[in-house]
Each structure stands twice: as structure tokens, then as C-alpha cells.
Participant: 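The structure under discussion is supplied below as C-alpha cells; questions concerning it will follow.
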Amino acid sequence: MAFVSSDHASWPIDNKLGVSIYEAGAGIPGLETLVPAFFSAAQARGHDAARLTAEYLAARPARFFGLSSRKGALAPGLDADFCVLEQGEFIWDAAKAHDGLNWSPFDGRRFDVRVAATWLRGKPAWNGSQILLSQGNGQYLRRQGMGWFPTH
């Protein structure tokens, strides 16, 4: 496996309830559940969940997309993008998600961690209950080199 990501397709549940799978909107809301679901699954299988989460959700995607000179690790000179996880027992409540959809296939699922805080380029972005940055704080980054692809 190269890396893990979420397609976070923000479809209202009505777009998923058709009679044909081919007419249903593809994907699920997954932005807020990706890290807790991955970490919990790795931990349940006896793996080093923290290391695998950082590797498969940050370091490998950054390398694949040619962004490892700025993203994917905590190191001098790289953007300070990171999340802090709180361990415990957390039941996912889709009604409290921040995507406004009020549904998730993970509704009622128990996770071993929750994202307690995140930082974007060294600035607090999430405090465990609310988004702290306004829209437009993202930044387009061009691929540097070819990532995992061979150069010619």
C-alpha cells in the first residue's frame, strides 16, 4: 500500500439512497474520521498506530505528490502542519460533524483517539471543538520533482 487518503465526498444522504448503485453519489464524508479510523484500526491489529498514522497519512502522501520538501514530517524548514491526538474512547456522532451532512457510515463507531488540535503552517487551525482559521488559509504548492515517479 502506497498511502491512505479520504475522498471526502460530501454527498447528502439522499444522494446515496437510490435503487441503483450506479446512480448513487460516490464516496462518503470522511475528513473528520480518517485519522481516528486509521489509528484505531492499526492499534486494534497490534501495530505502532502513531508511527503508521504519521507514515501513511502524512509522510508517504507528501513524498508521492512531490511535496516532501515542505510537508509530511516535523523537521526544520518544513511547514509545521500536524495534529495532536487524544487517546481514550470516543464515539463518533455524525450529527456533530462540521461538514453539515449529519450522516456518516462511522456514526456510533468507537475510536481510540480523537483529533484534539491541529496546526497549519504553525498556526492553530482546530482546538478540538471548533475551526480556528477562516476559509482561504490554504496555499497551493507545486510539485517539486517527480515524487515517486522516475525522472528523465
Side-chain angles (χ1 to χ4, degrees), residues 1-16 21-45 47-87 90 92 94 96-107 109 111-152:
M1 170 177 14
F3 57 89
V4 176
S5 67
S6 165
D7 65 353
H8 185 69
S10 296
W11 293 106
I13 192 66
D14 293 347
N15 288 13
K16 303 295 276 180
I21 191 171
Y22 301 106
E23 294 174 10
I28 63 168
L31 186 64
E32 291 182 76
T33 54
L34 176 62
V35 171
F38 185 91
F39 185 101
S40 298
Q43 186 163 279
R45 289 166 177 78
H47 299 296
D48 181 347
R51 185 186 64 75
L52 284 179
T53 301
E55 178 72 18
Y56 281 88
L57 275 64
R60 286 172 169 249
R63 197 164 62 241
F64 181 84
F65 290 108
L67 301 174
S68 59
S69 65
R70 293 273 308 268
K71 305 286 183 184
L74 289 177
L78 272 62
D79 291 347
D81 299 338
F82 61 94
C83 68
V84 174
L85 302 181
E86 176 184 352
Q87 288 192 283
F90 304 95
W92 181 250
K96 294 181 180 176
H98 293 81
D99 58 17
L101 295 174
N102 297 321
W103 79 275
S104 167
F106 295 108
D107 193 41
R109 176 95 178 258
F111 293 129
D112 298 329
V113 295
R114 74 176 192 95
V115 178
T118 62
W119 278 260
L120 174 65
R121 293 185 311 277
K123 295 179 183 171
W126 169 255
N127 66 8
S129 62
Q130 67 188 82
I131 299 166
L132 302 174
L133 295 178
S134 60
Q135 291 182 356
N137 279 278
Q139 192 177 77
Y140 178 77
L141 297 179
R142 291 195 177 279
R143 175 186 288 274
Q144 301 296 309
M146 294 301 290
W148 281 348
F149 301 105
T151 57
H152 300 315

Participant: Any idea which heavy atoms bring V115 and C83 closest together, and the distance?
Facilitator: CG1-CB, 3.9 Å
Participant: Would you give the length of the straight line joining atom CZ of F39 to atom CD of Q87, rounded to the nearest 0.5 angstrom?
Facilitator: 4.5 Å
Participant: Is any side-chain heavy atom of P36 less than 4.5 Å from a side-chain heavy atom of F90?
Facilitator: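 The answer is no, as the side chains (C-beta and beyond) never meet within the 4.5 Å cut-off.
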Participant: To the nearest 0.5 Å, how far apart are NZ in K96 and OG in S129?
Facilitator: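 Spacing of NZ (K96) from OG (S129) equals 11.5 Å.
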Participant: With a sphere of 6.0 Å drawn around CZ of R109, does it hold more than 12 non-hydrogen atoms of other residues, nucleotides or ligands?
Facilitator: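 Open.
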Participant: Mind checking whether F106 and I28 have side chains closer than 4.5 Å, heavy atoms only?
Facilitator: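 Of all side-chain heavy-atom pairs linking I28 with F106, at least one is under 4.5 Å.
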Participant: Assign the ring pair F82 / W119 to parallel, tilted or perpendicular, where the plane angle (0 to 90°) is split at 30° and 60°.
Facilitator: parallel
Participant: Donor-acceptor pair, distance only, cut-off 3.5 Å: does the side chain of Q130 make one with the backbone of G128?
Facilitator: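 The answer is no, because no donor-acceptor pair under 3.5 Å joins these two groups.
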Participant: Give, for atom CD of Q43 and atom CG of D112, the distance between the pair rounded to the nearest 0.5 Å.
Facilitator: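 If we round to the nearest 0.5 Å, Q43:CD and D112:CG are 4.5 Å apart.
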Participant: On a heavy-atom basis, which atom in G72 and which in A62 lie closest, and how many Å separate them?
Facilitator: CA-CB, 3.7 Å
Participant: With rounding to the nearest 0.5 Å, note down the distance linking OG in S68 to CZ in R60.
Facilitator: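 Taking OG in S68 and CZ in R60, the distance rounds to 13.0 Å.
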Participant: Working note: L85 + V35, criterion side chain to side chain contact (heavy atoms under 4.5 Å, CB included); need CA distance, chi angles, decisive distance, verdict.
Facilitator: CA-CA 9 Å; L85 302 181; V35 171; 3.7 Å; yes
Participant: Below 4.5 Å, heavy atoms only, C-beta onward: do F3 and R63 meet side chain to side chain?
Facilitator: no
Participant: Could you tell me which non-hydrogen atom of P61 sits nearest to which non-hydrogen atom of E55, and how far apart they are?
Facilitator: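 Closest heavy-atom pair between P61 and E55: CD-O, 4.0 Å.
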Participant: Indicate the atoms forming the closest heavy-atom contact of W92 with E32, along with that distance.
Facilitator: CH2-CB, 3.5 Å
Participant: Find the distance between CD1 (I131) and NE2 (H98) and round it off to the nearest 0.5 Å.
Facilitator: 5.5 Å
Participant: Evaluate the side-chain proximity of L120 to W126: yes if any heavy-atom separation is below 4.5 Å, no if none is.
Facilitator: no
Participant: Which heavy atom of K71 sits nearest to which heavy atom of L78, and what is that distance?
Facilitator: O-CD2, 3.9 Å
Participant: Starting at CH2 of W103, measure out to CG of D14 and round the result to the nearest 0.5 Å.
Facilitator: 10.5 Å
Participant: Could you tell me whether D79 and R121 have a side-chain N and a carboxylate O separated by less than 4.0 Å?
Facilitator: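 Between R121 and D79 there is no salt bridge, as every charged N stays at least 4.0 Å from the carboxylate O atoms.
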Participant: If I compare all heavy atoms of P29 with all of S104, which pair ends up nearest, and what's the gap?
Facilitator: O-OG, 4.5 Å
